[in-house]
Visitor: 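Just dropping this structure here.
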Amino acid sequence: EEDVCLSMLFEAIRTSDGAAATHWGRLCAKHGVLDRRLQSSMLGQATAGADGGTRLAALPHWYAVLQGDEELLEELLPHMAADDVNVMPGGCCHRHTSGGCPTCSPSALHLAAGRRSVSIVRTLLRLGASTALPMCFAVQEQQRPGLESTQVILSGFSALRLARYLGEA
């Protein structure tokens, strides 16, 4: 039953069905599997920004900053522990093509964030989804003015300092 709940939650997120995401999210939370990662092979290309670019392993708020998605960032930040806000990315992911990267398999929150579905992110956070699980996502350097290379991200900036930097660029 837990696997069915999780699969149905991921399908609801993939199809942007907020009512179904709420229903299946509640059941997943009840069964304690809301933060379980679904193998991307069960969902196809589920990881955020699966289409090229350097891949970064980081907490979801980094994704929001790099996408310039203030609304998503505003949803995530209040649910984060103060220490997690300043957690640096785990580095670049080079294993996504060969497998073996534990962060390349998304949780429901990662999938919703990657699809920039703020209402579903909000629902999952209210249900207790963790913002402390890293996710793997592509960084499209050409999408962000002022982001000359991924080295800027890994140079010691916190996500909030990077947001400020990109806002001034």
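The chain is numbered in sequence order, starting from 1. Quick caveat, the model's predicted, so the values are computed rather than measured.
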Visitor: Would you say Q67 and W62 make side-chain contact, with heavy atoms under 4.5 Å?
Guide: no

Visitor: If you take all heavy atoms of V121 and E75, which pair is closest and at what distance?
Guide: CG1-CB, 4.4 Å

Visitor: Linking I/L/V/M/F/W/Y whenever their side-chain heavy atoms sit closer than 4.5 Å, directly or via other members, would V33 and V4 fall into one cluster?
Guide: no

Visitor: Side-chain donor-acceptor contacts of residues 19-26 below 3.5 Å, not counting sequence neighbours, with atom names and distances?
Guide:
residue: T22; atom: OG1; partner: G18; partner atom: O; Å: 3.0

Visitor: Output a table of donor-acceptor pairs, distance under 3.5 Å, between side-chain atoms of residues 124-133 and any protein atom two or more places apart or on a different chain; print 'none' if there are none.
Guide:
residue: S130; atom: OG; partner: A132; partner atom: N; Å: 3.0
residue: T131; atom: OG1; partner: H79; partner atom: O; Å: 3.3

Visitor: Keeping S16 on the side-chain end and A12 on the backbone end, is there a donor-acceptor pair under 3.5 Å?
Guide: no

Visitor: Is there a side-chain contact between E71 and R116 in this structure, where contact means two heavy atoms from C-beta onward sitting under 4.5 Å apart?
Guide: no

Visitor: For a 4.5 angstrom cut-off between non-hydrogen side-chain atoms, does L34 reach L9?
Guide: yes

Visitor: Under 4.5 Å between any side-chain heavy atoms of L72 and Y63, yes or no?
Guide: yes

Visitor: Atom CG of N86 and atom CG of L59: how far apart are they, to the nearest 0.5 Å?
Guide: 10.5 Å

Visitor: Does the side chain to side chain contact (heavy atoms under 4.5 Å, CB included) test come out yes or no for S7 and C5, once each step is laid out?
Guide: CA-CA 6 Å; S7 292; C5 288; over 6 Å; no

Visitor: Could you report the tightest heavy-atom contact between P60 and H110, atom names first, then the distance?
Guide: CG-CD2, 3.8 Å

Visitor: Apply salt bridge (charged side-chain N to carboxylate O under 4.0 Å, His left out) to E70 and list each qualifying residue two or more places apart in sequence or on a separate chain.
Guide: none

Visitor: Is the shortest distance from a Lys or Arg side-chain nitrogen in R36 or E2 to a carboxylate oxygen in the other one below 4.0 Å?
Guide: yes

